[in-house]
Amino acid sequence: MAEFTRLQNCLALIRLRNPPVNAISTTVARGIKESLQKAITDDTVKAIVICGADGIFCAGADIREFKVHKTFDIQLGDIVDEIQRNKKPVVAAIQKLALGGGLELALGCHYRIAHAEAQVGFPEVTLGILPGARGTQLLPRLVGVPAALDLIISGRHISANEALKLGIIDKIVNSDPIEESIKFAQRISGQSSQELQMTSDMVADKSSALGPPKGYTSKATIEFFFYLTVPGLCCGM
Ligand SMILES: CCCCCC/C=C/CC(=O)SCCNC(=O)CCNC(=O)[C@H](O)C(C)(C)COP(=O)(O)OP(=O)(O)OC[C@H]1O[C@@H](n2cnc3c(N)ncnc32)[C@H](O)[C@@H]1OP(=O)(O)O
C-alpha cells in the first residue's frame, strides 16, 4: 500500500509500504495514485514528498506479481506522467535502494534527495525487459544517451555518489533523507505553481531533441538494445 499523511506546513507525505523492499504491486501503485490525487486536489498542500517505509525507497516492480499477472490494469507510467503534469513540486526521498520502477517513480519527481549509502539502477535487463514507465526517456534527459544506455543495458546498481555526479540525484545526505526532503520541500513550496510549470515546460521543450515524450521507445533503440543483449548477436559472441 501507500500511506498518505498530511504534514504541518502545507506538505503531504506519500510512503510506499510493501515489505520487505517496498516493491510496486498493484495495491502499492493504486495507493500512490490515490495519494497523489489527494495531495494534488487539496489546495492547502503546496509540496509533496514520496518515500519508502522501513529505511528503503523501492526495489521496483513486485516480482511476486509477475507470476500471477500478464498485464496490469494500472500503469506506473501514467502515475509518473501525473507527477510531472501536476503543478506542485514533488521530492523523492531515497533510502537504500531505488531500482527499476522505483527509480522511474523517483525520476518522475522534480527533485531527488538520497542517503549517501543508497544505490540506484535499472535491473530490468536481468529479467529480459526494458524500463517501461518513462525511464527510457527521463534517464537520458538527465544524464545523456550514452550514460543512460550504459545503465539500462548493464542493469548495474550505482552508488549515490556516482548518481550525483551523473545528475540522477540532486543531493546526497548522511542524515535521514526523508527529514531532509521535508525541509527542502518546505523551502521550495513557496515557488509558484506557474514558475514550476514554466520551468518543467522549458526543460521538456529543450530536451525534446532526445526524442518524443511519454512511453516512447524508438525502434532503433530497441534494435540496438537487443543487438547488445541477445547472445550471439553482439561482437560475434
Ligand atoms: C502495478 C505495476 C507495477 C509495474 C511497475 C513498473 C515496472 C517496472 C519493472 C521493474 O521494476 S523490474 C525490476 C524489479 N526489481 C528487481 O529485479 C530487483 C530484484 N531484487 C534484487 O536485486 C535484490 O533482492 C535486492 C532488492 C537488491 C536486495 O538484495 P539483498 O541481497 O539485500 O536481499 P535479497 O535476499 O535478495 O532480498 C530480500 C527480500 O526481498 C525480496 N525482494 C527483492 N526484490 C523484490 C521485488 N522486486 N519484488 C518482491 N520481492 C522482492 C526477496 O525475495 C527477499 O525476500 P525473502 O522473503 O526475504 O526471501
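Just so it is clear, the structure is predicted and the values come from calculations on it, not from any experiment. Counting starts at 1 for both ligands and their atoms, in listed order.
Ranking the protein heavy atoms by distance from atom 9 (C) of ligand 1 puts E124 OE2, 3.6 Å first. Given atom 19 (C) of ligand 1, the protein heavy atom at minimum distance is I63 CD1, 4.4 Å. For atom 41 (C) of ligand 1, the closest heavy atom belonging to the protein is P20 CG, 3.7 Å. Looking at atom 28 (C) of ligand 1, its nearest protein heavy atom turns out to be L97 CD1, 4.4 Å. Protein heavy atom in closest approach to atom 3 (C) of ligand 1: I24 O, 3.7 Å. Shortest contact from atom 49 (C) of ligand 1 to any protein heavy atom: D62 OD1, 3.4 Å. Of all protein heavy atoms, the one closest to atom 43 (C) of ligand 1 is V21 CG2, 3.8 Å. Ranking protein heavy atoms by distance to atom 6 (C) of ligand 1, first place goes to L76 CD2, 3.7 Å.
Checking S25, G132, A61 against atom 11 (O) of ligand 1, the nearest heavy atom belongs to A61.
Taking distance alone, with nitrogen or oxygen atoms compared against 3.5 Å, A59 approaches ligand 1 more closely than that limit. The N/O atoms of G60, backbone and side chain alike, include none that comes under 3.5 Å of an N/O atom in ligand 1. On a distance-only criterion, L99 and ligand 1 share no N/O pair closer than 3.5 Å.
For the pair R85 and E82, the salt-bridge criterion is met [side-chain N within less than 4.0 Å of a carboxylate O]. Between D78 and R134, at least one side-chain nitrogen of the basic residue sits less than 4.0 Å from a carboxylate oxygen of the acidic one, meeting the salt-bridge criterion. A salt bridge is defined here as a Lys NZ or Arg NE, NH1 or NH2 lying under 4.0 Å from an Asp or Glu carboxylate O, and D73 with R30 meets this definition.
Taking every heavy atom of R64 and a limit of under 4.0 angstrom, the matching atoms of ligand 1 come to 49 (C). Numbered from 1 in the order shown, with element, the atoms of ligand 1 that lie under 4.0 Å from a heavy atom of G101 read 8 (C), 10 (C), 11 (O).
If you look at A23 next to ligand 1, the close heavy atoms, those under 4.0 Å, all belong to the side chain. At a heavy-atom distance under 4.0 Å, no atom of V28 approaches ligand 1.
Heavy atoms of other residues, nucleotides or ligands lying less than 6.0 angstrom from CD of E117 number 12 at most.
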